[in-house]
Amino acid sequence: MSKLLIFTAPSGAGKTTITRHLLKTFDFLAFSVSATTRDPRPHEEEGVHYYFLSKKAFKKKIKTKEFVEWEEVYEDQYYGTLKSEVERLWKKDKHILFDIDVEGAKEVKKEYGDQALAIFINPPSKEVLIERLKSRKTEDEKSLKKRIKKATKELKYANKFDKILVNDVLEVALKDAEKLVLDFVNQKES
Ligand code: ADP
Ligand code: 5GP
């Protein structure tokens, strides 16, 4: 049976870095490409990093119930997991890897129960998180502020998830992430 591995954390905690590593390491994983209304970053490709939608198109899909979950993650910026995406990956017989925000992760976990493992990536501290976000240089001042504000709230949710993965020294976090994935996909169904 295909399983779901949900990685969640405040922006800047290392979800992208860790999930990319896992996708490179394990052939049996496939990335759930979310839909979003935010603009693509320079290196981002349609259908690879996100399905980039206009707000109008996104709202239409909400109405026609095409999402497993969706959130207005930041003011006026919508993100969501399409049902068609989960089905697409299931057909490929892959375990599915999600990189979604805290609210979305709770929704997917609720929907799929024991078939899903929800992992919260914790930065060593809020200060380090802010430093990492700044040094990534992807956000303007306004976007940075939005992300820091939301991160402050989200950091309090760590213990609501199945596992906490501390991302301090990257090499250690990557090894810990590999182990979490292997243990979960090899776990016998009860
Ligand atoms: P997220 O996807 O959660 O927003 P990223 O994976 O983009 O986070 O990481 C945010 C920034 O921090 C990136 O520039 C990334 O290279 C860097 N980073 C990630 N993990 C570490 C780490 N353990 N130590 C130092 N820098 C890190
Ligand atoms: P970014 O703009 O940095 O790519 O993502 C911003 C936030 O949106 C991250 O916390 C990311 O995990 C979250 N996100 C990405 N896709 C989805 C999704 O499909 N649903 C939800 N709820 N959040 C998502």
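The structure displayed is predicted, hence computed values, not measured ones. One-based numbering, in listed order, for ligands and for the atoms of each. The figures that follow rest on heavy atoms only: side chains count, while hydrogens, waters and symmetry mates do not. Residues take their numbers from the sequence shown, with the count starting at 1.
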With a 3.5 Å cut-off and sequence neighbours excluded, list the donor-acceptor pairs that the side chains of residues 78-87 form with protein atoms.
residue, atom, partner, partner atom, Å
Tyr79, OH, Arg38, NE, 3.4
Thr81, OG1, Glu69, OE2, 2.7
Lys83, NZ, Lys65, O, 2.9
Glu85, OE1, Tyr51, OH, 2.7
Glu85, OE1, Arg88, NE, 3.1
Glu85, OE2, Val33, N, 2.9
Glu85, OE2, Arg88, NH2, 2.9

More than 12 heavy atoms of other groups within 6.0 Å of Lys146 NZ: yes
Gly80 heavy atoms within 4.0 Å reach ligand 2 at atoms 18 (C), 19 (O), 20 (N)
Can you list the atoms of ligand 2 that are under 4.0 Å from a heavy atom of Val73? 7 (C), 8 (O), 23 (N)
Can you find an N or O of Arg136 that's nearer than 3.5 Å to an N or O of ligand 2? no
Quick one: does NZ or CZ of Lys3 land under 6.0 Å from the six-membered ring centre of Phe184, within 45 degrees of the ring axis? yes
Just to be sure I read this right, does ligand 2 sit under 4.0 Å from the backbone of Glu69, its side chain, both, or neither, counting only heavy atoms? side chain
Does any N/O atom on Ser11 come nearer than 3.5 Å to any N/O atom on ligand 2? no
Would one find an N or O of Glu71, backbone or side chain, under 3.5 Å from an N or O of ligand 2? no
Glu107 and ligand 2 - part of the residue with a heavy-atom distance under 4.0 Å: neither
Which protein N or O atoms sit under 3.5 Å from any N or O of ligand 1? Give atom names and distances.
residue, atom, partner, partner atom, Å
ligand 1, 2 (O), Thr16, N, 2.8
ligand 1, 2 (O), Thr16, OG1, 2.4
ligand 1, 3 (O), Gly12, N, 3.4
ligand 1, 3 (O), Ala13, N, 3.4
ligand 1, 3 (O), Gly14, N, 3.0
ligand 1, 3 (O), Lys15, N, 2.8
ligand 1, 3 (O), Lys15, NZ, 3.3
ligand 1, 4 (O), Gly12, N, 2.7
ligand 1, 4 (O), Arg136, NH1, 2.8
ligand 1, 6 (O), Thr16, N, 3.4
ligand 1, 6 (O), Thr17, N, 2.9
ligand 1, 6 (O), Thr17, OG1, 2.5
ligand 1, 7 (O), Arg136, NH1, 2.8
ligand 1, 8 (O), Gly14, N, 3.1
ligand 1, 20 (N), Asn167, ND2, 3.0
ligand 1, 23 (N), Arg132, NH2, 3.4
ligand 1, 23 (N), Asn167, OD1, 2.8
ligand 1, 23 (N), Asp168, O, 2.9
ligand 1, 23 (N), Leu170, N, 3.4
ligand 1, 24 (N), Arg132, NH2, 3.3

Min side-chain heavy-atom separation Lys109-Phe161 under 4.5 Å: no
Heavy-atom proximity to atom 14 (N) of ligand 2 ranks first, among Trp70, Tyr79, Phe98, for Tyr79
Tell me, please: is His49 in heavy-atom contact with ligand 2, that is, under 4.0 Å? no
Walk me through it: do Lys126 and Thr152 pass the test side-chain hydrogen bond (donor to acceptor under 3.5 Å, both in side chains)? CA-CA 7 Å; Lys126 189 175 146 190; Thr152 308; 3.3 Å; yes
